[in-house]
Amino acid sequence: METILNVPQGMFEMRRLPFRKNEKLRAWDAADEYLLQHLSEQVRLQGQSRVLILNDSFGALAIALNALRPVVLSDSWLSQQATKLNLDANGLPQNAIQFKNSLDWPAEPFDAVFIKVPKTLAFLEDQLIHLQDLITENTVIIAAGMVKAMPAAVWKLMDKYLGPTKPSLAKKKARLIFVEASIRKSFETPYPIYYQLENTDYRICNHANVFSRESLDIGTRFLLEYLPKNTDAKDIVDLGCGNGVVGLMLAEFHFLSKLYFVDESYMAIASAKETFSLAFPERAADYCIADGLTGFKTESIDLIVCNPPFHQQNTLGSQIALSMFKQSFRVLRKGGTLWVIGNRHLGYHLDLKRLFKVCIEIAANKKFVIWRVNK
Ligand SMILES: C[S@@+](CC[C@H](N)C(=O)[O-])C[C@H]1O[C@@H](n2cnc3c(N)ncnc32)[C@H](O)[C@@H]1O
């Protein structure tokens, strides 16, 4: 797999996270290359220009533009970590880039804003609303993405919030969108939004980039029906917690247990924290922004429940799920259990069986299966 990004700004060693043996995917895409090429040919930016980069995948844009000391804003902890490791790999200082998370917007306007179009339109919309306060009529705004990830709705949102748009030609299935910044009516972001969990009084908090943010996902609903109840688990993890709805119900069924909410999305962790604090204001819990269970001690947890992600940014795959299963095997105490829900066709039981030897099917419907494994 190619690891050298070769662009007009230089040659840079770039890797994705999490690390995988025999990684087949590059840490950048054709949209990064297209944008960097365009910037070197057409856009004059100087060292003192204020540059903001949104949703850089693993740091390709920020690292190539490090001479401009950009501010990089992302919802992904893995993305930020990868960028930091890639800075090191290229002998660049950590302060070459200023890191911000998706809930921590800077206050001062920027001379240039470069946006990698995210997978979730609601998240893009939330970002564009925040951007309104950070641009002037002179701000250079360019969005970049793979054509398949840029439906017409993306253009419409840019037009609505930032100004008239113009597309580039497509190159290697990537496209740029140029935005003529204009000061528009000020919109307020509707996020976070809340829904009431069916058959309960609980209110579920959802920031813009959270999985199934408007209502309970049908897979999660199925999982909630079968959650383990009243076990003697002392320590319980909601792995890939999103808005925290699974951990919330586990807490209700385990009044004395300690809950840990784990996700790599800043917005997910903020949502889970708010969801849990609203439901149990007196009860402490741990909130971990990380690549799954990497920070957990070996044999420290009794029960893990996981509805794994099936994509990383715009890339589909079960590698994160598999890594979560391996981490769970390490982190569970002897006799501890892992519960997993998945789409039937993803066949998670094959990996679970390989790792834990015995995999029990707890429930199944046309679409989903719930499995339990014991250590
Ligand atoms: C399918 S959603 C499940 C959300 C929630 N548990 C539910 O059932 O509604 C998967 C979650 O895993 C998170 N995730 C993805 N990669 C992760 C990683 N490497 N470590 C921790 N969480 C991750 C995503 O941000 C997302 O919130």
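For ligands, and for the atoms within them, numbers begin at 1 and follow the listed sequence.
For the ligand labelled ligand 1, residue C241 lies inside the 4.0 Å heavy-atom shell. By the 4.0 Å heavy-atom criterion, I320 is counted among the residues contacting ligand 1.
Of all the atoms in ligand 1, the ones that sit under 4.0 Å from a non-hydrogen atom of L78 are 19 (N). In the vicinity of P308, heavy-atom distances shorter than 4.0 Å reach the ligand 1 atoms 1 (C). Every atom of ligand 1 is numbered from 1 in the order shown, and the set under 4.0 Å from a heavy atom of M324 is 17 (C), 18 (C), 20 (N), 21 (C), 22 (N), 23 (C). Near A290, meaning under 4.0 Å from any of its heavy atoms, are these atoms of ligand 1: 20 (N), 21 (C). Near G242, with a cut-off below 4.0 Å to any heavy atom, the atoms of ligand 1 are 4 (C), 27 (O).
Ranked by closest heavy atom to atom 2 (S) of ligand 1, the top entry among F261, F310, F211, Y266 is F211.
Taking the six-membered ring for Trp, Y191 and F123 have ring centres at least 6.0 Å apart. Ring to ring, F296 and Y260 are close: their centroids are under 6.0 angstrom apart. Ring to ring, F276 and F280 are close: their centroids are under 6.0 angstrom apart. Under the 6.0 Å cut-off for aromatic ring centres, F356 and H349 do not qualify, their centroids lying 6.0 Å or more apart.
Protein heavy atom nearest atom 9 (O) of ligand 1, with residue, atom name and distance: T220 OG1, 3.2 Å. Nearest non-hydrogen protein atom to atom 3 (C) of ligand 1 is N307 O, 3.4 Å. The closest protein non-hydrogen atom to atom 17 (C) of ligand 1 is E264 CG, 3.4 Å. D291 OD1, 2.9 Å is the protein heavy atom nearest to atom 19 (N) of ligand 1. Ranking the protein heavy atoms by distance from atom 11 (C) of ligand 1 puts G240 O, 3.5 Å first. In this structure, atom 15 (C) of ligand 1 lies nearest to the protein heavy atom P309 CG, 3.4 Å. Nearest protein heavy-atom contact of atom 24 (C) of ligand 1 is D263 OD1, 3.5 Å. Nearest protein neighbour of atom 20 (N) of ligand 1, counting heavy atoms only, is G292 N, 2.8 Å.
Side-chain atoms of S168 and Y34 form a donor-acceptor pair, as typed in the model, at a separation below 3.5 Å. In the model, Q80 has a side-chain atom that pairs as donor or acceptor with a side-chain atom of Y266 under 3.5 Å.
Taking a cutoff of 4.0 Å between a charged side-chain nitrogen and a carboxylate oxygen, K258 and D235 do not qualify as a salt bridge.
Going from atom CD1 of I320 over to atom CD of Q327 covers 9.0 Å, rounded to the nearest 0.5 Å. Once rounded to the nearest 0.5 Å, the distance linking CG of L45 with CG of L65 reads 8.0 Å.
For the pair D88 and K84, the minimum side-chain heavy-atom distance is 4.5 Å or more.
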